[in-house]
Every structure is written in structure tokens, then in C-alpha cells.
Enquirer: 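Got a structure for you, written out below as C-alpha cells; questions coming shortly.
In this text the structure is predicted, and so the values were computed from the model without any measurement.
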Amino acid sequence: MTASSTPDSTRERIVGAAKAEFSRYGIAGARVDRIAREARTSKERVYAYFRSKEALYAFVAGRELAEVVEATRMDPADLPGYAGRLFDYFTEHPERFRLLCWGRLEPAERPLLDGEAPTRTAVLLKVRQLREAQESGQLDPAWDPVDVLALVTQIATAWLTQTEMAAAAAQLARDPATAARRAAVVESVRRLFPRPGATGPADGTGLTTGAGRDTTGLVAGAGRDTTG
């Protein structure tokens with residue numbers, strides 16, 4: 001048996017084909033026959049590895065989430081940096097963001113599946129890290145760690161979830177560059193969750209116009225001075 005025809009390689013082809021299928025069509029719209037055809041195998045073989053389409057999605061999404069966690073590495077003492085890494089990762093891989101979003105839009109039976117374990121594990125780990133950062137004085141203890149995690153994630157992915165605003169920014173923003181959107185993300189998180197004792201933005205996180213003028217005291221898009 002050649003390396004390309006081993007059971008493990010068949011399974012990996014199924015997973016790779018499923019990743020593309022789910023990202024494009026979602027869970028309800030995905031078709032196991034298309035996945036099998038793209039993986040150069042049969043539907044029966046797909047079901048031999050995964051008991052249902054939902055179980056296959058859960059496995060694929062769990063693996064992708066693990067890759068996101070590894071690539072972005074949350075540092076509770078530097079949440080702006082973490083937001084920037086999330087922004088970079090999903091801006092570079094929007095199809096992976098879509099893949100994970102389908103699981104929120106189509107919950108179905110997946111909370112009962114083993115593939116959901118990576119999601120729970122990742123969330124629990126990050127909440128614990130944030131709570132420990134609060135206890136050590138690295139993060140304002142007034143915030144609930146769950147709220148911190150939800151807000152940082154939402155801000156970091158705002159331009160992916162609000163595609164109409166991304167299109168508007170390309171035409172209407174003072175600086176339409178992606179770097180300007182990233183700077184707004186990082187600065188927003190810095191203002192919400194500043195480092196203890198911090199008096200200004202970390203290097204490279206300040207908002208700037210195309211001419212390079214520092215506008216860290218301005219609300220992006222409104223131009224209103226909020227520094228006091």
C-alpha cells in the first residue's frame with residue numbers, strides 16, 4: 001500500500017475536503033458526496049471515519065480552533081497584541097473564520113459531540129489565564145474574565161463580521177488601508193484593557209492618518225476628541 005492510499009491519508013483528504021466544503025457552504029449546505037468526491041473516496045468511507053456530517057464538522061472546527069490558539073497565543077498582560085494577532089490571522093485566512101462562524105449560526109447537536117471539547121478547553125484556559133492576570137495585578141479585576149474574552153474577540157473580528165462596514169471603510173475612511181483598521185482594533189482594546197501603569201499606547205498601536213499624524217485621542221471615524 002502506497003503512502004497516498006493509506007487509511008490515515010484517506011482520512012486527512014476527507015478532513016481537508018470537508019474544511020473547504022464547510023467553509024463555503026456551512027453545515028446544512030455541505031454535502032458529504034461532494035466531500036467524498038473531492039477526497040477521492042466514497043461516502044461510505046467518510047461515514048466509516050465520522051458517524052455524521054455534524055461529527056465531521058465538529059472535528060474539522062476543533063482542529064482549526066487549535067490552530068488559531070497556537071497561532072495567536074493570548075497573553076493576558078498584552079490584550080492589544082492578542083487582538084492584533086487575531087486580526088492578522090483571520091484577515092489572512094477569512095475562509096477559516098467563516099468555517100468557525102458556521103458552528104455559531106448552526107448549533108444543531110454539536111455541543112454533545114466530542115469535537116466540541118477543544119472549544120470548551122480553549123475558552124476555559126483563556127478565562128483562567130485572564131483571572132490569574134487579574135489576581136496578579138496585570139488586568140483590572142473589575143471586569144468579568146468572560147466579558148473580557150468576548151469583547152476582545154469581537155473587536156478583533158469586527159471587520160470580518162461587518163462586511164458592509166469594511167466596504168464603506170474602503171471608500172470613506174480617512175485611511176482606507178487594512179493597517180489602519182488593525183490599528184483601530186489594537187487601540188480600542190488598549191483603551192478598554194490598559195496595562196497597569198500604562199500612560200500611552202504601546203509602540204505601533206496608535207492610530208495614525210495616512211500622513212502619519214497621531215490621532216490616538218480621536219474616536220475612529222467620528223473625529224471626536226475623548227482625551228479629556
Side-chain angles (χ1 to χ4, degrees), residues 1-74 85-126 149-150 152-170 178 181 185:
M1 182 178 292
T2 63
S4 61
S5 62
T6 62
D8 285 347
S9 68
T10 300
R11 187 174 188 269
E12 286 306 306
R13 290 200 308 274
I14 292 170
V15 170
K19 184 175 180 179
E21 179 79 5
F22 287 127
S23 177
R24 183 173 182 179
Y25 297 105
I27 305 166
R31 295 291 178 265
V32 175
D33 57 348
R34 281 197 300 253
I35 293 173
R37 184 166 59 250
E38 185 65 25
R40 306 190 307 279
T41 189
S42 65
K43 288 178 62 174
E44 292 74 19
R45 196 64 176 165
V46 173
Y47 286 121
Y49 286 110
F50 302 96
R51 65 180 180 270
S52 67
K53 181 172 67 172
E54 288 75 19
L56 176 55
Y57 172 82
F59 178 85
V60 171
R63 176 182 283 191
E64 176 56 34
L65 180 62
E67 292 180 7
V68 174
V69 170
E70 179 64 25
T72 57
R73 291 282 183 174
M74 187 187 78
R85 289 190 294 278
L86 280 176
F87 178 93
D88 292 341
Y89 184 88
F90 286 126
T91 297
E92 184 176 354
H93 305 290
E95 75 285 355
R96 298 179 182 180
F97 182 73
R98 289 195 303 272
L99 173 68
L100 295 175
C101 283
W102 283 116
R104 299 167 185 162
L105 295 172
E106 305 178 45
E109 63 181 90
R110 279 179 311 288
L112 302 178
L113 299 176
D114 293 341
E116 282 295 288
T119 303
R120 292 194 299 271
T121 300
V123 170
L124 290 172
L125 174 61
K126 290 177 181 179
L149 183 58
V152 171
T153 303
Q154 195 68 24
I155 292 171
T157 59
W159 295 106
L160 287 161
T161 57
Q162 300 183 75
T163 54
E164 73 284 359
M165 290 305 301
T178 300
R181 308 286 76 75
V185 165

Enquirer: Minimum heavy-atom separation for Trp159 and Met165, please, with both atom names.
Expert: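 Heavy atoms only, the tightest pair is CZ3-O, 3.5 Å.
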Enquirer: Could I get the full list of salt bridge (Lys or Arg N to Asp or Glu O under 4.0 Å) partners for Glu70, not counting sequence neighbours?
Expert: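 Partners of Glu70 by the salt bridge (Lys or Arg N to Asp or Glu O under 4.0 Å) criterion, ordered by chain and then number, come out as Arg73.
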Enquirer: Could you walk me through whether Val69 and Leu125 satisfy the side chain to side chain contact (heavy atoms under 4.5 Å, CB included) test, starting with their C-alpha distance in whole Å, then the side-chain angles of each, then the deciding distance to 0.1 Å, before giving a yes or no?
Expert: CA-CA 11 Å; Val69 170; Leu125 174 61; 5.6 Å; no
Enquirer: Could you tell me which non-hydrogen atom of Ser42 sits nearest to which non-hydrogen atom of Ala36, and how far apart they are?
Expert: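 Minimum heavy-atom contact is C-CB, 3.6 Å.
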Enquirer: Lys19 versus Arg63: any side-chain heavy-atom pair under 4.5 Å?
Expert: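 Answer no - side chains too far apart.
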Enquirer: In this structure, which one of Thr157, Thr178, Leu160 forms a side chain to side chain contact (heavy atoms under 4.5 Å, CB included) with Phe87?
Expert: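 The option that passes is Thr178.
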Enquirer: What's the separation between atom NE2 in His93 and atom CG in Asp88, rounded to the nearest 0.5 Å?
Expert: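 Taking NE2 in His93 and CG in Asp88, the distance rounds to 10.0 Å.
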Enquirer: If you define the side chain from C-beta out and look only at heavy atoms, does anything of Phe59 sit under 4.5 Å from Tyr49?
Expert: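 A side-chain contact under 4.5 Å is absent here.
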Enquirer: Minimum heavy-atom separation for Val68 to Leu100, with atom names?
Expert: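 Answer, listing the atom of Val68 first, then Leu100: CG2-CD1, 4.3 Å.
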Enquirer: Which heavy atom of Gln154 sits nearest to which heavy atom of Thr161, and what is that distance?
Expert: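 The pair with the smallest heavy-atom distance is NE2-OG1, 4.4 Å.
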Enquirer: Between Tyr89 and Glu64, what is the shortest heavy-atom contact and its length?
Expert: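 Heavy atoms only, the tightest pair is OH-OE2, 2.9 Å.
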Enquirer: Pick one: which of Glu44, Lys43, Glu21 meets side chain to side chain contact (heavy atoms under 4.5 Å, CB included) with Val32?
Expert: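 For Val32, the side chain to side chain contact (heavy atoms under 4.5 Å, CB included) test succeeds with only one of Glu44, Lys43, Glu21, which is Lys43.
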Enquirer: In terms of the angle between their ring planes, are Phe97 and Phe90 parallel, tilted or perpendicular, with boundaries placed at 30° and 60°?
Expert: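 Ring orientation, 0 to 90° scale: perpendicular.
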Enquirer: Counting only pairs under 3.5 Å, give me each side-chain donor-acceptor contact of residues 23-31, with atom names and distances, residues two or more places apart or in other chains.
Expert:
residue : atom : partner : partner atom : Å
Ser23   : OG   : Glu95   : O            : 2.7
Arg31   : NH1  : Ala28   : O            : 2.9
Arg31   : NH1  : Gly29   : O            : 3.4

Enquirer: Which heavy atom of Val60 sits nearest to which heavy atom of Ala18, and what is that distance?
Expert: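 Shortest heavy-atom separation between Val60 and Ala18 comes out as CG2-CB, 4.0 Å.
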Enquirer: Can you confirm whether more than 12 heavy atoms, excluding those of Glu92, are under 6.0 Å from its CD atom?
Expert: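 Check fails, neighbour count at 12 or below.
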Enquirer: CZ/Arg40 to CD1/Ile14 distance, rounded to the nearest 0.5 angstrom?
Expert: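 Arg40 atom CZ to Ile14 atom CD1 measures 11.0 Å (nearest 0.5 Å).
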